[in-house]
Protein chains: 2
Amino acid sequence: MKRRLSTAVSLPDPANRDDPGRRPTIRDVARVAGVAVSTVSYVINRSGQVSAETRLRVNSAINALRYEPNLLARNLKAGRAGSIGLIAPDLRNPYFAAVASGVQEIAQARDMLLVLCTTQSAQHWENYYSQVLRARRLDGLIFLSGSGMLTPSLMELVQSNSLVLVDERLPGLDVPSVVSTNRRGARAVADHVLSQGHHRVGIISGAPNLWTAGQRMAGYREALAAAGIDPDSVPVVAGDYQQESGYAAARILLSGPPAERPTALICANDLMAIGAMLYCREIGLDVPGDISLCGFDDIPLASLVQPGLTSVDQCGETLGRSACRLLLSLIAPPSPDDQGPIETDHPTKLVIRGSVAAPKAA
Amino acid sequence: MKRRLSTAVSLPDPANRDDPGRRPTIRDVARVAGVAVSTVSYVINRSGQVSAETRLRVNSAINALRYEPNLLARNLKAGRAGSIGLIAPDLRNPYFAAVASGVQEIAQARDMLLVLCTTQSAQHWENYYSQVLRARRLDGLIFLSGSGMLTPSLMELVQSNSLVLVDERLPGLDVPSVVSTNRRGARAVADHVLSQGHHRVGIISGAPNLWTAGQRMAGYREALAAAGIDPDSVPVVAGDYQQESGYAAARILLSGPPAERPTALICANDLMAIGAMLYCREIGLDVPGDISLCGFDDIPLASLVQPGLTSVDQCGETLGRSACRLLLSLIAPPSPDDQGPIETDHPTKLVIRGSVAAPKAA
DNA sequence: CTTTCAACACGAACCGTTTCACATTTCCGC
DNA sequence: GCGGAAATGTGAAACGGTTCGTGTTGAAAG
């Protein structure tokens, strides 16, 4: 008992007060200003009920100590991290970069931090990050799937109203999401190609379990049917939205004898279309003289290749902005500076450039 | 006194135990497992000194409750956020996206989260984020400046050994940084252009207060001098590394009478070179027939434009990886899984494509 | 049959805030 | 001169973990 009293009772150790490198806490400020900790807190926050004179003393203590509140502690108390997460396959895809850019723009305006997670489209990472972000009590999550699946961890986020999907819509489930009108856009670009008189076309589609890939495919099929072509008769090769897969798919689709091979390749995104263009160039096919090509996304690159790539504009940045706004509105229901309803279906626009032309007279 | 006892003493309220939506805490786990909170903690962490049987009980309680530790609390206790920040001008610039990608790759491997902050090259945002990230006790910061300046807040981070600069080196100050050998790369590409026999060249430089811009300019001047051209005699227009500024700069540089205007434009980055290329194309100049063009960065785009852009490869991703490794080594000094010294000066490589040719016989 | 000592479990302090519920002072009207 | 509201300041309990120092065992050692 005596021992206890003499050794174990830990008085505030004056030594660590001067520990250099130690950053001042609200307690230091209180001590210097000669007020209670809670008073300092009130000064820092909704300056309610504190006299001008006290406020002054506290503020000068804050300045003297160069105190900055520890957000970690604040967040623990509040139970929210003040940041949102963005899970996306890969930043180097300009489309994802654009979405990220839009998300960040809105987050920035609302004093939210953005945690960026890339998954290389691997379910493993999608799962990992959705768990980590849950554990970190992030306020919300914007998810661009590379796999087309929702992990259980993600499903729980849906329950708590803090998940927004971009360019993905789950059958049956009512998950908040922001999408482009993929089907309509695909229909439009395919209509355009077919209206040039192509009869033998090939399709380079996206990964089959991706919602966008399905939608675009549906649009293409609509257009084909409307042009009197049996959709089931056209050759389709699935890629993965990467440039290399477009190259590889083109090689497959163009492997037949010249008389039978497609005079136009409809590609489910620009990167793959460019891959295909590279292959065509390599085997000496002129675009659009020998073969027409179109893409989807309208990434900046599309206007810079030669010939310019006919594509479908879906502004990634706008999508990102809407997604972030939607997410924030879910988190803090009815914000006062409300800017009206948030678009969840973004229109797409056909962008005609030089890569599509009429087929050579057969 | 009596009043106090009967009303103010707040017993643990059983009501909020069942509050649905409330996530289980370590205390709930302890209660269910019938052990002390500290024991649960030990199980979760360095499982030291816990009997197999207890560990089992705790683990099954964890599973039953679907408990996940609150990282916010953990971090407060630890005083570190377990994440690093990346401050960069703009994600849509593929070079920055590549750096970010490299950083994220390493961070991911070390279980660190990446907070992404974009500044649009505005000092205002650079300052804002450096403060916010300090307040959040982020473990470290990787900074790509758009303005060439370090805010005071950033300087304090230098003191605490948790700031790494990318592609920036401050005169006098010894701030850890990772750079490409900009000067050498610039020298190489300019040598290449001049070796084709160009005598009248123009330069589109970067913003003058950026370190990279200065270095590249120095390299160009070396090459000019070596080729017997007075560096001060060549026209220079400063851009801002954006495509539009390249376009504008080209218009200025090519405004003279045909006999006097440059036969080659040396551009301080690819985006501006592409802008210049667009302008040339617009006024009917053939690249490289009428005018040669070169860039810097070797972004993916450079190989896709027609003709391919001769450029200098500086792998943004590698730079990002090194920067992140360097930062992590500053934070937790000598990691055991050390992979040797970290490169801070990354070599550049001349990439020759079709955009540079000999000038037409004068 | 003590003593010693691991091994294991526990309680409580602490990280740096916020915020609730009071305590104290001031001031006013009666 | 008194009661009471308003204004201002305070202490202490959270938030959800980690970790130090200590208490309690049971078995091996003496």
Side-chain angles (χ1 to χ4, degrees), chain A residues 1 3-13 16 19 22-31 33-55 57-58 65 67-82 135-137, chain B residues 1 3-13 16 19 22-31 33-58 62 65 67-82 135-137:
Chain A
M1 194 65 171
R3 286 265 306 285
R4 260 270 217 67
L5 272 176
S6 60
T7 70
V9 166
S10 73
L11 303 167
D13 176 11
N16 72 5
D19 171 12
R22 178 174 160 284
R23 309 206 7 211
T25 74
I26 198 172
R27 252 170 278 268
D28 298 318
V29 175
R31 196 163 26 79
V35 300
V37 166
S38 48
T39 304
V40 177
S41 178
Y42 284 128
V43 170
I44 296 173
N45 303 312
R46 79 203 79 283
S47 15
Q49 297 298 73
V50 21
S51 71
E53 195 241 351
T54 306
R55 193 194 323 285
R57 274 226 312 292
V58 169
L65 293 172
Y67 163 78
E68 359 177 41
N70 184 331
L71 269 314
L72 246 35
R74 222 215 273 291
N75 289 341
L76 167 61
K77 191 69 173 107
R80 344 167 310 105
R136 297 226 183 203
R137 304 313 197 254
Chain B
M1 193 68 170
R3 286 264 308 283
R4 262 270 216 69
L5 271 175
S6 62
T7 70
V9 168
S10 73
L11 304 167
D13 177 10
N16 70 6
D19 170 12
R22 178 174 158 285
R23 309 203 9 209
T25 74
I26 198 172
R27 257 167 269 268
D28 298 318
V29 176
R31 195 162 29 76
V35 300
V37 167
S38 48
T39 304
V40 178
S41 178
Y42 285 129
V43 169
I44 296 172
N45 303 312
R46 81 199 81 285
S47 17
Q49 298 296 71
V50 174
S51 72
E53 194 241 352
T54 306
R55 193 195 323 286
L56 203 69
R57 275 226 310 292
V58 170
I62 287 179
L65 293 173
Y67 164 77
E68 359 178 40
N70 183 331
L71 270 310
L72 245 37
R74 222 212 277 287
N75 290 341
L76 166 60
K77 188 68 173 121
R80 346 166 306 105
R136 297 223 182 204
R137 305 311 197 253

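Heavy atoms only: backbone and side chains are in, while hydrogens, waters and symmetry mates are out. Chain letters run A, B, ... following the sequence lines, proteins first and then strands; every chain starts at 1.
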field: Distance, rounded to the nearest Å, where A:Asn45 contributes CG and C:dT17 contributes P
entry: 11 Å
task: Give the intermediate values and the outcome of side-chain contact (heavy atoms from CB on, under 4.5 Å) for residues A:Arg23 and A:Asn70.
output: CA-CA 9 Å; A:Arg23 309 206 7 211; A:Asn70 184 331; over 6 Å; no
message: Please report the distance, rounded to the nearest Å, between CG in A:Asn70 and P in C:dC15.
response: 12 Å
- prompt: Nearest to the side chain of B:Thr54 - C:dT19, D:dG17, C:dC8?
  reply: C:dC8
task: Check whether any side-chain N or O of B:Ser51 sits under 4.0 Å from OP1 or OP2 of C:dA9, and answer yes or no.
output: yes
message: I want to check something: taking the side chain as every heavy atom from C-beta on, are B:Val35 and B:Val43 in contact at a cut-off of under 4.5 Å?
response: no
Spacing of B:Leu72 atom CG relative to C:dT18 atom P, expressed in whole Å: 14 Å
- request: Mind calculating the distance between CD (A:Glu53) and P (D:dT8) to the nearest angstrom?
  value: 11 Å
query: Separation of A:Asn75 atom CG from C:dT18 atom C1', in whole Å?
result: 12 Å
- prompt: With respect to the side chain of B:Tyr42, which nucleotide from D:dC15, C:dA7, D:dG21 is positioned closest?
  reply: D:dG21
message: I'd like to know if the side chain of B:Arg137 reaches the main chain of B:Gly79, judged simply by a donor and an acceptor atom lying under 3.5 Å from each other, with no hydrogens or angles considered.
response: no
Nearest-nucleotide pick for A:Arg74, side chain only, options being C:dT17, D:dT18, C:dC10: C:dT17
message: Tell me the interatomic distance from B:Lys77, atom NZ, to C:dT17, atom P, rounded to whole angstroms.
response: 15 Å
message: Distance check needed: C:dC15 C1' versus B:Arg137 CZ, whole Å only.
response: 11 Å
query: Starting at CZ of B:Arg31 and ending at C1' of C:dG11, how long is that distance when rounded to a whole Å?
result: 18 Å
statement: With the side chain defined as heavy atoms from C-beta on, A:Ser38 is closest, among C:dA9, D:dG11, C:dT17, to D:dG11
task: Name the nucleic acid region contacted by A:Val37, choosing base, sugar-phosphate or nothing; use a 4.0 angstrom heavy-atom cut-off, strictly under.
output: base
message: With rounding to the nearest 0.5 angstrom, report the CG to CG distance, A:Leu71 to B:Asn75.
response: 12.5 Å
message: From the set C:dT17, D:dG16, D:dT18, return the single nucleotide nearest to any side-chain atom of B:Arg27.
response: D:dG16
query: A:Leu76 has a side chain; which of D:dG17, C:dT18, D:dC15 sits nearest to it?
result: D:dC15
field: Check: B:Asp28 and B:Arg22 side chains under 4.5 Å, non-hydrogen atoms
entry: yes
- prompt: Is the closest side-chain heavy-atom distance between A:Arg57 and A:Glu53 below 4.5 Å?
  reply: yes
For A:Ser41, the option from A:Val37, A:Asn45, A:Ile44, A:Thr39 that meets side chain to side chain contact (heavy atoms under 4.5 Å, CB included): A:Asn45
statement: Rounded to 10°, the angle between the first-five-pair and last-five-pair axes of the helix from C:dC1-D:dG30 to C:dC30-D:dG1 is 60°
message: At 4.0 Å (heavy atoms only), tell me whether A:Thr25 reaches a base, stays on the sugar-phosphate, or touches nothing.
response: sugar-phosphate
